[in-house]
A.B. asks: 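Can you read through this structure? Questions will come right after.
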Amino acid sequence: MTGNDDIAHRDLNVLWHPCTQMKDHEWLPLIPIRRGEGVWLEDFDGRRYIDAISSWWVNLFGHANPRINAAITQQLGELEHVLLAGFSHAPAIRLAERLVAVTPPGLTRCFFVDNGSSAIEAALKMSYHYWRNSGRPEKRRFVTLSNSYHGETLGALAVGDVALYKETYKPLLMEVLTAPSPDCFEREPGESCAEVAERRFEEMAALLEQHADEISAVIVEPLVQCAGNMRMHHPRYLQLLRAACDRLGIHLIADEIAVGFGRTGTMFACEQAGIAPDFMCLSKGLTGGYLPLSVVLTPETIYQAFYDDYESLTAFLHSHSYTGNPLGCSAALATLDIFEHDDVLAHNHRLSRVMAEAAAPLEDHPHVAEVRQTGMILAIEMVKDKAARTPYPWQERRGLRVYRHALKEGALLRPLGNVIYFMPPYVITPEQIHTLARIAATGIDLATRD
Ligand SMILES: *Cc1c(COP(=O)(O)O)cnc(C)c1O
């Protein structure tokens, strides 16, 4: 393998890339990465990029982290994989014990899966199956929020609401009930985020009351709708939702696949509302960004509804080949060790203040509608008209201009439409945060000039 161009050429002969119109690569260079270290990615021409988006929100403690590397290497010498039905292994047991200890109270059972979308599928099936086992098979509908994202397999896509991913496949998807997102970007003049949450919740409450007898679960991304352009809401919404679900006998599924493991400032986003869901889905940062692994956590009451003699046919007969893979579990254990030993959340608190300071000047930019932040996630929304908050037509691909500028300047800032965001590994330095903010500012200037 030699330089970027050679490798990209070979790649484009045989690969089909995710979330990509492949024809773009006739003019948009594909960037092959040779190695990673900390926040840095290095390509085959020797150019380096700060990974400002944690390689799609998975990386927590840098690339090639020595502690996680060591844990995987040791596990590799002992056991690479074994099926988890009828058999077990130490990394899965230790990880389950520790996840039960660190997640909100009441979540006592871990069902391992192998990627985020599959965790969502498992949670949806479990929720419906719980009601079926409890003599309520008519409770089979799911409620979601507008602008939500839960993955791209058919069930996960059905409970999501991002048109770009969903529209094409709509004829294949189950129908869901959709309530308006408590997204604080859509506040009225003078309204606080908590007030938006309360106002929007009234519509959710009406929907739940009307359909309670046929609803299995409500699914939410607590605090930040990440793939939905990093739109954020107040924890008050989650408190109201938890109370209504309890009152009406409806499950609450918290999709913390993106926001879990410290991204929002607390270990899990649900903590900021002081709630525990009936199903919590975790993936992405679970292995520190190393290996595909996911888990659904649920309380003992749910587990018990499946526990019976074999002939009752109430078991949850769902499986994936790589469920609970030992290498993935060992990476996850090393990740939890780092959280435990390094006081990561306090450190992140300081970093998130630096992010706020570094990006604050962008609030005055004539084409920035808002700079918003929840913990270690900071998003900058570009608009055509600041006062009216008129979006740029999507066809103009303004975010892509910022992306290309950032690559030249040594940063990976892959946008979401017209939203530029920072969601960096926690090993980023204050100086690197300021570098990113400078690159974003010039990029936004260039992208909004005409
Ligand atoms: C990424 C993501 C998923 C899907 O996870 P995959 O591992 O990509 O299938 C689900 N929900 C949320 C909130 C996500 O950000």
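One-based numbering, in listed order, for ligands and for the atoms of each. This is a predicted model, so every value here is computed, not measured.
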A.B. asks: Could you check His233, Gln239, His234 and say which one makes a side-chain hydrogen bond (donor to acceptor under 3.5 Å, both in side chains) with Arg236?
C.D. replies: Gln239
A.B. asks: What's the shortest heavy-atom distance between Thr335 and Gly288, and which atoms?
C.D. replies: OG1-N, 3.3 Å
A.B. asks: Hey, are Glu203 and Arg200 close enough for a salt bridge, meaning a charged N less than 4.0 Å from a carboxylate O?
C.D. replies: yes
A.B. asks: In terms of ring plane angle, is the pair His320 and His318 parallel, tilted or perpendicular, where the classes change at 30° and 60°?
C.D. replies: perpendicular
A.B. asks: Please report whether the ring centroid of Tyr130 lies less than 6.0 Å from that of Phe306.
C.D. replies: no
A.B. asks: Output the set of protein residues with a heavy-atom contact under 4.0 Å to ligand 1, ordered first by chain identifier and then by residue number.
C.D. replies: Trp57, Asn115, Gly116, Ser117, Tyr149, His150, Gly151, Glu221, Asp255, Ile257, Ala258, Lys284
A.B. asks: Show every salt bridge (Lys or Arg N to Asp or Glu O under 4.0 Å) that has at least one partner inside residues 107-119, sequence neighbours left out.
C.D. replies: Arg109-Glu300
